[in-house]
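Beneath this line is the structure, given in structure tokens, with notes to follow.
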Amino acid sequence: MLQVVWFKRDLRLEDHAALCAAAIRDRILPLVIVEPDYWQQPDVSARQWNFWRGCIADLGDAIAAKGGQLCIRIGDAVETLAAIKAAHGNFVLRAHEETGNAWTFERDKAVRRWCKAEGIAFEESRQFGVWRGRRVNRDRWAQAWDRMMAMPAQPAPPLLMWERCESDPLADAAALGLADDGLQVAPISGRAEALATLHSFLHERGEHYTREMSSPVSGESACSRLSWHLAYGSLSIREAYQAAQAHYRELPLSEKAWRQSLRSFIARLHWHCHFIQKLESEPEAEYRPMARLYEGLRPRSADTVKLEAWSEGRTGYPFIDAAMRYLNATGWINFRMRAMLMSFASYDLSLPWQESGTALARKFIDYEPGIHWPQCQMQAGETGINTIRIYSPVKQGYDQDPAGVFIRCWVPELANVPDAWLHEPWKLAADERAQLCPDYPERIVDHAAAAKAAKDAIYALRRKPEARAEAKAVVQKHGSRKRTTDRKRAGAKADQLKLAF
DNA sequence: AGTGCAGTTGACTTT
DNA sequence: TAAAGTCAACTGCAC
């Protein structure tokens, strides 16, 4: 029977379980559905579509090179599948499991209902170390992840029989109603770029990963930069994992920096799935804090003046504004800066993470809902089980950009401010300030006071007995079980479980 | 040369 | 993936 392989966020022919399963059975109709409804959602943007679109075009080329033709359809998923059934007859539908936002979750449920009603088999394969459903046992999760990542990555099936199918031209952003979002540098998408990025990270850029990833200056090159390729699947997590593992094993023991970097990178691939698993197990986490007690902590709807000032990089804190403007211009920023921006929105500005998180999601080209929403909650301190991490914008600035090059690059209003005041222009005398940086905004909040108030509010909540009980339940459901490796404590605490989130 | 002391550093705890 | 506070050990210096 005809095999329809529905490509979603897995736009590659290699290590593609659904494609492999189809290839050993019958003719393949490779399908991408561009869903206009999805592109109306508040968490998506033109920059994401443009990257995605490039991946689709690249996959189309790869299929054409093998003698086939990628079928691109614009429309509702169920209607599209119904039209394909009408034109091509019955089929088996194959795809990868997806842990997306609430919209794609509902869409998948609708597709499953339709398949059931039509007597069509809908077979989903696993592509991440993420297991379906709410009742996933976290106790053996890490071992299962290791096994999943160690399984051989299948090459693109060599001999394929293709079904041809009527196809729509690839829409541009405007046709999907997506306005320009200020992206200044569009990254290159597609398989070749993903592989080249992986290679340059593992062999050239990554040597001082652990030391250099935290600064937005060095992080631009020292981070793997694979996030958007992994998000749209032009490279699989398993391919990245196995390449890193293989390279690690080849490295002589004397290559200390490289070895540490690769261990750290591999740990982060693990975290990728660890976070997606949270949203998979609790889809409500897109809207509600895992610890429900925190629901009243912040105003339900954002102060729009503050939200816009933050979102546009006009808070009056140079390092915050530089980071936000960099993100707005490039669609990417390193992890530490993401955490800092979320911390500032949540603790300094009391913005609900649902709204600040939506604004951030749109900015990230690599938006991966399963990572994004649990991260937003965690950085906003609403999981109930993590240490509250309130970032000091000034301390982070001195730590990560001591020379001020990043601030000067992204906040040109401060060009005339001497280094000594660059991180804290409010300390300039009023007349000097008026002369040196008249166009740079005043601070919209006092960090010290706001941080103190936020801390007090959260700890007041946390001390309640109900909060303790709830935290225990959250750890049981979502917490990672990681054995302590601290040698100093190996004797006394060897069996103690370290609970990290 | 040894002592007292202010200031610094690092490990660890608390919020 | 934080920051501030505490405490003990250490350092440099004056006497």
Side-chain angles (χ1 to χ4, degrees), chain A residues 209-219 222-224 227 260-261 263-276 278 290-291 293-294 297 317 319-320 323 327 332-349 353 356-357 360 364 366 368 371-401 423-424 445-464 467-468 471 478-480 482 484 486-490 492-493 496 498-501:
Chain A
Y209 182 61
T210 35
R211 192 196 334 139
E212 295 178 340
M213 72 170 120
S214 291
S215 159
V217 183
S218 50
C223 291
S224 81
S227 59
Q260 194 191 356
S261 289
R263 277 198 304 273
S264 174
F265 174 64
I266 290 166
R268 271 149 202 275
L269 292 177
H270 184 277
W271 289 115
H272 166 279
C273 297
H274 170 78
F275 277 91
I276 296 177
K278 293 176 199 291
M290 293 172 190
L293 229 51
Y294 290 70
L297 183 67
Y317 283 89
F319 197 54
I320 297 277
L327 172 60
W332 180 87
I333 197 163
N334 61 333
F335 178 77
R336 193 185 196 86
M337 296 300 99
R338 295 184 190 208
M340 181 185 76
L341 290 173
M342 203 59 211
S343 162
F344 194 83
S346 306
Y347 301 112
D348 292 71
L349 303 180
W353 56 264
S356 49
L360 274 189
F364 295 154
D366 57 24
E368 176 75 63
I371 300 176
H372 186 73
W373 293 112
Q375 273 292 337
C376 284
Q377 286 206 27
M378 190 170 117
Q379 302 301 349
E382 295 193 19
T383 61
I385 65 173
N386 298 99
T387 315
I388 305 305
R389 296 180 202 280
I390 302 178
Y391 287 70
S392 158
V394 174
K395 181 181 179 296
Q396 290 297 319
Y398 284 120
D399 288 353
Q400 310 303 335
D401 184 29
H423 291 268
E424 302 169 273
V445 66
D446 174 56
H447 170 73
K452 169 100 175 57
K455 229 177 186 174
D456 290 349
I458 289 188
Y459 281 108
L461 204 55
R462 238 174 219 223
R463 272 191 293 273
K464 292 184 179 176
R468 288 164 190 272
H478 292 296
S480 88
K482 192 166 146 196
T484 179
D486 189 335
R487 286 172 192 279
K488 278 175 286 185
R489 301 171 177 212
K493 299 197 173 179
Q496 189 181 330
K498 181 181 170 192
L499 295 172
F501 191 61

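To find a chain, count down the sequence lines: A is the first, B the second, and so on, and within it residues start at 1. Just so you know, these numbers come straight off a predicted model, no measurement behind them.
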### Between B:dT15 (C1') and A:Arg389 (CZ): distance, integer Å
13 Å
### Message
Just N and O in the side chain of A:Lys395: are any of them under 4.0 Å from OP1 or OP2 of C:dA2?
### Response
no
### Query
Rounded to the Å, how far apart are A:Leu461 CG and B:dT15 P?
16 Å
### Task
For A:Gln396, answer base if it contacts any base atom (sugar-phosphate contacts may also be present), sugar-phosphate if it contacts only those atoms, and nothing otherwise; contact means non-hydrogen atoms under 4.0 Å.
sugar-phosphate
### Query
Starting at CZ of A:Arg338 and ending at C1' of C:dA2, how long is that distance when rounded to a whole Å?
19 Å
## Note on the structure
Atom CD1 of A:Ile390 and atom P of B:dT14 are separated, to the nearest Å, by 18 Å
### Query
Would you say a side-chain N or O of A:Arg336 is under 4.0 Å from OP1 or OP2 of C:dA2?
yes
#### Entry: Protein-nucleotide distance (A:Met342, atom CE; C:dA2, atom P), rounded to Å
17 Å
### Query
Which atom pair, heavy atoms only, marks the closest approach of A:Phe275 to A:Ile371?
CB-CA, 4.1 Å
### Message
Main chain of A:Thr210, side chain of A:Ser264: is a donor-acceptor contact present, judged purely on distance under 3.5 Å?
### Response
no
### Message
Rounded to whole Å, how long is the line connecting atom CE of A:Met340 with atom C1' of C:dA3?
### Response
15 Å
### Task
Please state how far atom CG in A:Asp399 lies from atom P in C:dA2, giving the value in whole angstrom units.
9 Å
### Message
Whole angstroms only, please: what is the CZ-C1' distance between A:Arg462 and B:dT15?
### Response
10 Å
### Message
For a quick check of understanding: with a heavy-atom distance under 4.0 Å over all strands, which category does A:Thr387 fall into, base, sugar-phosphate or nothing?
### Response
base
### Message
Please report the interatomic distance CE(A:Met342) to CZ(A:Arg389), rounded to the nearest 0.5 Å.
### Response
15.5 Å
### Nucleotide nearest A:Tyr459 when distance is taken to its side chain, options B:dT15, C:dA3, C:dA2
B:dT15
### Message
Once you apply a heavy-atom cut-off of 4.0 Å, does A:Ile458 come out as touching a base, just sugar-phosphate, or nothing?
### Response
nothing
### Message
What I want to find out is whether A:Arg336 reaches A:Asp399 closely enough, with some N-O distance under 4.0 Å, to be called a salt bridge.
### Response
no
### Side chain to side chain, A:Trp353 and A:Trp373, heavy atoms closer than 4.5 Å
yes
